[in-house]
Amino acid sequence: MRNFWCLFFTVWPIVAVGTFVIAPAMGWWFPTDAYSTLGQQIDDLFYLILTIVGVVFIGTHIALGYTLWKGSQDPNRRSWFTHGSHTLEVIWTIVPAGILLFIALYQMDVWRMYRVQSAFPEDLLEVAEVTARQFEWRIRYPAPGRPLQLKPQKGDVYAVNDLHVPVNRPVLIQLRTMDVQHSFFVPSLRVKQDALPGQVIPVWFEVTKPGIYDLTCAELCGWGHYKMRGRVVAEAEEDFRAYLQRLAAEQAYDGVTPIETALSHAEKRQNEE
Ligand SMILES: [Cu+2]
């Protein structure tokens, strides 16, 4: 029995590490990071952290396996305890703190580029305001040719769960929520940002390949969390402009928010999919 536990605790970490190794070949891994300009840098950070955690994980389990095996050889062997060792406490405080500090410094450039407004690209196109609510994404574009305003304007156009952006151009969305906390997540573009009540959060990204990308909510936000599926459509700038014109023509209205139109469109599209 002792040998069984020894074997058990040695085998499962090997299985865990093995799963990671074979995952990309099995199609269990991320979609390629080549769809947005930030993809590669975000993934580099991810792999750096995965490597550090992986080394610690493997090291810990080798130590655990060795201890179990050693202990199982001699039933009369007594455990050895240590308490109040200043040196040990200093080591296990300094080492993790050093690792965290290294990660904090190493990721600063990416963080700055991605999150610090003064470092955003200068030619940003402010595309839309995206408002999360239970359980959908409401999108408000400015009237064609006009800049986006913080407050809804007459002439704004609306869509639900369907965000169009031009490709090969850094775009900005203003993210907010009408109710609880949500998270705007486009896995293929490596974009993820929480939407916080009471805040308008600017999020920028640049899509490098035209296509339709899944938009999901990454914050468990209530019973219908699973329904918060939308899409980001990246298209040539002319197509994007034409799309806005089309929406505007459909929604030419008298000052009443035409969200109902947008909602019925979203419903229709979901039924078709
Ligand atoms: Cu949500």
Side-chain angles (χ1 to χ4, degrees), residues 36 114-115 117 120 124-166 170-207 212-235 240-241 243-248 250-270 273:
S36 80
Y114 197 24
R115 295 284 199 243
Q117 273 194 66
F120 284 5
L124 268 184
L125 177 69
E126 200 168 352
V127 165
E129 175 195 72
V130 176
T131 305
R133 75 186 281 269
Q134 289 170 318
F135 298 97
E136 69 204 14
W137 304 97
R138 292 193 167 182
I139 292 138
R140 176 171 68 87
Y141 302 97
R146 285 213 225 131
L148 183 73
Q149 305 286 338
L150 199 59
K151 286 225 168 87
Q153 304 289 310
K154 201 171 170 183
D156 284 350
V157 284
Y158 293 82
V160 173
N161 294 339
D162 190 20
L163 174 64
H164 285 236
V165 297
V171 295
L172 182 79
I173 59 158
Q174 300 288 0
L175 182 64
R176 54 203 305 173
T177 165
M178 264 163 87
D179 38 49
V180 299
Q181 200 170 319
H182 300 271
S183 186
F184 179 89
F185 184 29
V186 190
S188 295
L189 307 181
R190 307 296 194 268
V191 174
K192 192 191 232 176
Q193 171 63 54
D194 280 7
L196 305 174
Q199 283 195 36
V200 183
I201 302 174
V203 182
W204 82 268
F205 52 91
E206 179 175 346
V207 193
I212 298 175
Y213 304 99
D214 287 337
L215 160 64
T216 62
C217 178
E219 183 70 55
L220 188 56
C221 56
W223 67 269
H225 167 64
Y226 72 97
K227 294 204 299 185
M228 287 189 70
R229 285 172 55 230
R231 61 181 197 174
V232 173
V233 179
E235 55 201 356
F240 167 70
R241 304 248 171 244
Y243 168 76
L244 278 194
Q245 292 287 358
R246 217 162 50 237
L247 275 191
E250 274 172 21
Q251 297 179 5
Y253 68 103
D254 54 4
V256 183
T257 307
I259 192 77
E260 288 74 23
T261 329
L263 278 169
S264 69
H265 275 288
E267 221 165 85
K268 213 170 101 199
R269 201 182 51 250
Q270 248 152 28
E273 271 169 14

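What you see below is based on every heavy atom in this structure, not just the backbone, and it leaves out hydrogens, waters and symmetry mates. Nothing fancy with the numbering, it's 1 onward along the sequence. This is a predicted model, so every value here is computed, not measured.
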Chemist: With rounding to the nearest 0.5 angstrom, report the CZ to CZ distance, Arg176 to Arg133.
Modeler: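 These two atoms lie 14.0 Å from each other.
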
Chemist: Keeping the roles fixed (side chain from Thr177, backbone from Asp179), state whether a donor-acceptor pair exists under 3.5 Å.
Modeler: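 Yes; judged by distance alone, with no hydrogens or angles, the pair exists.
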
Chemist: Closest approach of Ser183 and Trp137, non-hydrogen atoms and distance?
Modeler: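 Residues Ser183 and Trp137, closest heavy atoms: O-CH2, 3.5 Å.
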
Chemist: Can you list everything that forms a salt bridge (charged side-chain N to carboxylate O under 4.0 Å, His left out) with Arg140? Sequence neighbours excluded, please.
Modeler: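 Testing Arg140 for salt bridge (charged side-chain N to carboxylate O under 4.0 Å, His left out), a comparison that skips the adjacent residues, returns Glu129, Asp156.
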
Chemist: For the atom pair OH (Tyr114) and CD (Gln193), what is the distance rounded to the nearest 0.5 Å?
Modeler: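 One finds 7.5 Å between OH of Tyr114 and CD of Gln193.
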
Chemist: For Arg231 and Leu215, which heavy atoms make the closest approach, and how far apart are they?
Modeler: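 Where Arg231 meets Leu215 most closely, the heavy atoms are N-CB, 3.8 Å.
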
Chemist: Answer yes or no: does atom CG of Asp214 have more than 12 heavy-atom neighbours from other residues, nucleotides or ligands under 6.0 Å?
Modeler: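 At most 12 heavy atoms, drawn from other residues, nucleotides or ligands, come within 6.0 Å of this atom.
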
Chemist: Taking only residues two or more places apart in sequence, or in another chain, which ones meet Tyr213 in a ring-ring contact (aromatic ring centres under 6.0 Å, His included)?
Modeler: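 Here the qualifying residues are Tyr35.
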
Chemist: Could you tell me which non-hydrogen atom of Ala248 sits nearest to which non-hydrogen atom of Val157, and how far apart they are?
Modeler: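 Reported closest heavy-atom pair: CA-CG1, 3.3 Å.
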
Chemist: Can you measure from CG (Asp194) to NZ (Lys192) and round to the nearest 0.5 angstrom?
Modeler: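 Asp194 atom CG to Lys192 atom NZ measures 8.0 Å (nearest 0.5 Å).
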
Chemist: Can you see which heavy atom on Ala143 is nearest to which on Gly155, and at what distance?
Modeler: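 Of all heavy-atom pairs spanning Ala143 and Gly155, the closest is CB-O, 3.2 Å.
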
Chemist: Before you tell me yes or no, could you show the steps for Phe184 and Ile201 under side chain to side chain contact (heavy atoms under 4.5 Å, CB included), namely the whole-Å CA-CA distance, both residues' side-chain angles and the distance that decides it to 0.1 Å?
Modeler: CA-CA 11 Å; Phe184 179 89; Ile201 302 174; over 6 Å; no

Chemist: Is any side-chain heavy atom of Tyr158 closer than 4.5 Å to one of Ile139?
Modeler: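 No, too far: nothing below the 4.5 Å cut-off.
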
Chemist: In this structure, which one of Lys227, Met178, His182 forms a side-chain contact (heavy atoms from CB on, under 4.5 Å) with Gln134?
Modeler: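 Only match with Gln134 under side-chain contact (heavy atoms from CB on, under 4.5 Å): His182.
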
Chemist: Counting C-beta onward and ignoring hydrogens, is there a side-chain heavy-atom pair between Leu125 and Pro166 closer than 4.5 Å?
Modeler: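 Yes. Closest side-chain heavy atoms under 4.5 Å.
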
Chemist: Please give me the minimum heavy-atom distance between Lys151 and Gln153, naming the atom from each residue.
Modeler: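 Looking at all heavy atoms of both residues, the shortest contact is O-NE2, 2.9 Å.
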
Chemist: Kindly compute the distance separating CH2 (Trp204) from CD1 (Ile173), expressed to the nearest 0.5 Å.
Modeler: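 Here the rounded value is 13.0 Å.
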
Chemist: Determine whether Tyr141 and Leu163 satisfy the following criterion, side chain to side chain contact (heavy atoms under 4.5 Å, CB included), listing intermediate values before the conclusion.
Modeler: CA-CA 9 Å; Tyr141 302 97; Leu163 174 64; 4.0 Å; yes

Chemist: Do you know the tightest heavy-atom contact between Leu244 and Pro142?
Modeler: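 Smallest heavy-atom distance, with atoms named: CD1-O, 4.5 Å.
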
Chemist: Going by heavy atoms in the side chains, are Phe135 and Trp223 under 4.5 Å from each other?
Modeler: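 The answer is yes; the side chains approach within 4.5 Å.
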
Chemist: I need the Glu136 CD to Thr131 OG1 distance, nearest 0.5 Å.
Modeler: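 Reported to 0.5 Å precision, the distance equals 10.5 Å.
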
Chemist: Hey, could you give me the CG/CD distance between Leu196 and Gln181, rounded to the nearest 0.5 Å?
Modeler: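 If I round to the nearest 0.5 Å, the distance is 5.0 Å.
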
Chemist: Are more than 12 heavy atoms, taken from residues, nucleotides or ligands other than Arg115, located less than 6.0 Å from that residue's CZ atom?
Modeler: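 Result for CZ/Arg115: enclosed.
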
Chemist: Below 30° counts as parallel, above 60° as perpendicular, anything between as tilted: where do the rings of Tyr243 and His164 land?
Modeler: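 Judged by the thresholds at 30° and 60°, the geometry between Tyr243 and His164 is parallel.
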
